[in-house]
Structure formats: C-alpha cells, structure tokens
Amino acid sequence: MTSHTTPAGPAGGPGAGTGQRRRLIRELLLVAGLFAVYKGGRLLSTDRTDEAFRNAGRIWDAERALHLPGEGAVQRLLLPGGAPGGGGAVAGGTGEVLVHAANTYYAAVHFPATALFLVWLYLRRPAHYLWTRRVLTALTGAALALHLAFPLAPPRMLAAARLVDTAQVYGPAVYRSAPEADTLANQFAAMPSLHFGWALMVALGLIAATRSRWRLLWLLHPLLTLVVIVGTANHYWLDAVVATALLGAALLLIRRPKPPARSLAVVRHLPQRWRTADHEPAGAGPEGAQSSGTGTADAGPGAVRGAGAAGAAGARSRAVAPRAAAGTAAGVGR
C-alpha cells in the first residue's frame with residue numbers, strides 16, 4: 001500500500017511515527033478540502049429563488065401523485081400536542097422535548113458523527129476507510145452537481161405544505177430565517193439530502209467493517225435521521241429517495257474491500273507434519289512418516305531423492321503383488 005492512497009498500519013523504524021503523522025495530516029487536509037469545495041459550490045445557486053420555489057411545487061405535486069405520506073404527518077409527532085402546521089405553533093410549552101431534540105439532532109449530529117466514523121475507520125480499518133472516503137466523495141460530488149442543476153426550496157418554505165419551521169420556532173437553528181441573508185449556507189440545496197445519504201453510508205460502513213451480531217442496529221441512525229429531516233421540514237421524502245439512489249450507484253461503482261483470508265493464515269501456522277500428512281503414500285502410518293522425516297532431515301538432498309524413489313518402488317510392488325497372487329490361485333485351480 002502506498003502512502004499516497006492508503007493509510008499505513010503500524011511500522012517499525014525511527015521515521016515511522018513521522019510518516020504516520022504526515023499521512024494523517026494529508027488525509028485531514030484532503031477531507032477538509034473536499035468539504036470546502038462542496039460548501040463553496042453550494043453557494044453558487046443561492047440567488048435562484050424563483051426557480052427553487054417552482055421546483056419545490058413540482059416536488060410537492062410529485063409526492064402527492066405518488067401517494068407518499070405528507071411530511072406533516074411526521075411533524076405532528078414531534079410538535080407539542082401534535083399542533084398542526086401553518087404558523088400557529090408557539091414556543092415555551094412543556095411538550096417541546098421531542099421537537100427540540102430533533103432540531104438538535106439535525107444541527108449537531110450530522111457532521112460530528114460522520115467525522116468520528118471516518119477517524120475510527122482510519123485508525124482501525126484502513127481498507128474500509130479508503131472505500132468509505134471514495135464513496136462519500138462520489139456521493140457528495142453528485143449531490144453538488146444536482147444542487148447546482150436543480151435548486152430546491154425546503155418544505156418549511158413552501159406555503160402549500162403548511163409546515164412549521166421548527167428550528168426558527170423552537171430552536172436551535174442552523175439557518176437564518178431569510179435565505180437571501182444567509183451567506184454561510186445554501187438553503188435551496190434540499191435535494192438530495194446529504195444528512196440522510198451520509199447517515200446511511202455511516203451505517204453501511206459500520207456494518208461492513210464490524211462483525212458484531214448487533215451491527216444491523218447501526219441502521220437506526222439513518223432511520224432516525226430520516227424522521228428528523230422530514231419532521232423538521234428541512235427535506236421532502238424524495239430528497240432521501242434521491243440520496244439513496246446516488247449512494248447505491250456509488251456503491252456499485254466503488255468496490256468494497258475483501259475480508260481478510262483467515263483460513264490461509266491458520267494453514268501457514270500449522271506444523272509441517274500436519275500440512276504434509278495428506279500427501280503421504282498410501283498405507284504409511286505415523287511411525288513410518290516420523291522415521292522417514294527424520295531420516296531425510298539427517299541425510300540431506302540425496303537421501304530425499306532416494307527416499308522418494310524407494311517409496312515409489314514400494315507402491316509399485318504393492319500394486320503388483322495382488323495380481324501375482326491372483327494368477328497363482330488361478331493356476332492351482334486349473
């Protein structure tokens with residue numbers, strides 16, 4: 001594995017620590033650079049407000065045509081008392097725990113969880129780290145292209161959806177109330193949802209890199225993320241569907257690392273007499289194998305060749321003996 005593409009494992013030598021630190025710094029700079037390009041690219045479509053709202057109307061109508069459940073059904077599960085959308089909700093009640101937790105999850109879990117996942121893979125599963133980094137890069141690049149080609153206002157901005165902007169009403173909020181005044185984020189980049197796409201890749205990566213019988217529980221992370229992004233009115237159902245399709249395409253194009261061949265490692269550590277036991281001449285017993293091995297070890301290469309010839313001659317004589325006995329018996333019978 002080269003230092004340019006693959007995180008190296010432990011290595012000896014005085015410069016091993018320095019080399020590992022350089023590789024780690026290079027990986028951090030690479031990931032940070034890719035993220036900066038993504039964030040900067042998203043800002044290129046912030047001034048396409050009319051187009052973003054037209055696309056939002058199309059997505060809303062498409063979901064109704066597909067008979068998808070309304071996003072409001074999920075939001076009512078989070079709001080205090082199941083309050084309906086439409087701006088009538090107010091903050092300050094005692095039943096805000098769920099909606100506040102959902103807003104916090106949306107704001108505080110997305111990036112830290114993905115970063116910690118990548119760090120763990122880098123340190124413990126280098127091959128899976130490279131695979132995951134490539135998949136996430138492909139997913140994010142495809143998402144950036146779609147954000148630029150198809151600006152989309154989130155459902156919290158769509159009047160026809162009649163949903164509550166839970167972050168602005170209950171907090172915490174990561175976006176400003178006016179999209180045109182938000183210079184740090186592009187609020188018209190709803191499709192696809194990278195919140196859901198990254199969460200799904202984190203779960204799939206942990207399932208692939210671990211062997212616990214409980215590893216399928218990692219799928220609760222994208223499931224909870226889906227409830228959060230829809231319930232807080234930051235994304236449509238179709239945003240998650242498109243993210244899943246892009247992730248599936250990336251997984252098809254980028255090969256997953258093969259599991260280690262543990263059986264080969266076991267065979268290499270077996271005693272020599274066990275590994276060669278299946279190749280001994282027929283009829284040779286443990287005593288013969290032991291004495292033969294000792295004799296050849298002491299006598300050298302010539303004895304090895306002699307022992308091989310003697311073994312072959314013995315095998316031929318054992319094969320001829322039954323036929324001779326049969327002929328003798330036939331003669332006596334006549």
Side-chain angles (χ1 to χ4, degrees), residues 1 6-10 20 24 27-28 31 35 68-69 71 73-75 77-78 97-140 143 172 192-232 234-235 237 239-267 269:
M1 295 188 289
T6 305
Q20 290 178 2
L24 178 58
E27 287 296 325
L28 291 175
V31 173
F35 180 72
L68 294 178
E71 285 80 357
V74 180
Q75 187 171 86
L77 298 175
L78 303 178
V97 176
L98 283 179
V99 65
H100 191 274
N103 290 334
T104 303
Y105 195 93
Y106 183 87
V109 174
H110 175 49
F111 292 113
T114 307
L116 289 174
F117 166 63
L118 289 174
V119 170
W120 181 82
L121 285 182
Y122 181 87
L123 296 175
R124 303 297 298 273
R125 302 289 190 275
H128 285 84
Y129 167 80
L130 285 175
W131 171 63
T132 303
R133 190 193 68 187
R134 291 165 182 164
V135 171
L136 286 177
T137 300
L139 171 63
T140 306
S193 170
L194 282 183
H195 268 74
F196 181 76
W198 285 13
L200 184 57
M201 185 57 208
V202 168
L204 295 178
L206 287 170
I207 291 173
T210 58
R211 292 292 177 266
S212 171
R213 62 179 178 176
W214 303 103
R215 63 185 183 277
L216 291 180
L217 292 178
W218 290 114
L219 291 173
L220 292 176
H221 175 46
L223 179 61
L224 181 58
T225 300
L226 179 61
V227 172
V228 165
I229 64 176
V230 173
T232 58
N234 281 294
H235 288 283
W237 293 111
D239 296 341
V241 172
V242 173
T244 304
L246 293 178
L247 177 59
L251 291 173
L252 288 176
L253 293 174
I254 301 172
R255 183 174 299 179
R256 173 182 163 183
K258 295 181 180 180
R262 296 182 178 179
S263 58
L264 295 179
V266 172
V267 169
H269 289 85

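We number each residue from 1, following the sequence as shown. Small disclaimer: the values here were computed from a predicted structure and weren't measured.
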How many angstroms lie between [atom1] in [X] and [atom2] in [Y], if you round to the nearest 0.5 Å?
X: His128; Y: Thr210; atom1: NE2; atom2: OG1; answer: 8.5 Å
X: Leu217; Y: Leu223; atom1: CG; atom2: CG; answer: 11.5 Å
X: Tyr129; Y: Phe117; atom1: OH; atom2: CZ; answer: 11.0 Å
X: Arg134; Y: Thr132; atom1: CZ; atom2: OG1; answer: 10.5 Å
X: Leu194; Y: Leu136; atom1: CG; atom2: CG; answer: 9.5 Å
X: Leu130; Y: Ile254; atom1: CG; atom2: CD1; answer: 11.0 Å

Nearest atoms (heavy-atom pairs only) where [X] meets [Y]:
X: Leu219; Y: Ile207; value: CG-CD1, 3.9 Å
X: Met201; Y: Val135; value: SD-CG1, 3.6 Å
X: Phe196; Y: Ala243; value: CD2-CB, 4.5 Å
X: Pro222; Y: Ala203; value: CD-CB, 3.7 Å
X: Val242; Y: Pro192; value: CG1-CB, 3.9 Å
X: Ala102; Y: Thr232; value: CB-CG2, 4.0 Å

If you draw a 6.0 Å radius around CZ in Arg124, do more than 12 non-hydrogen atoms from other residues or ligands fall strictly inside? no

Counting N and O atoms only, with roles assigned by atom type, does the side chain of Glu71 sit under 3.5 Å from a partner on the main chain of Trp237, one being a donor and the other an acceptor? yes

Beyond-backbone contact of [X] with [Y], side-chain heavy atoms, under 4.5 angstrom:
X: Leu226; Y: Leu200; answer: no
X: Arg133; Y: Leu121; answer: no
X: Trp131; Y: Arg255; answer: no
X: Leu251; Y: Leu204; answer: yes

In terms of the angle between their ring planes, are His195 and Tyr106 parallel, tilted or perpendicular, with boundaries placed at 30° and 60°? parallel

List the steps and the verdict of side chain to side chain contact (heavy atoms under 4.5 Å, CB included) for Val228 and Val109. CA-CA 11 Å; Val228 165; Val109 174; over 6 Å; no

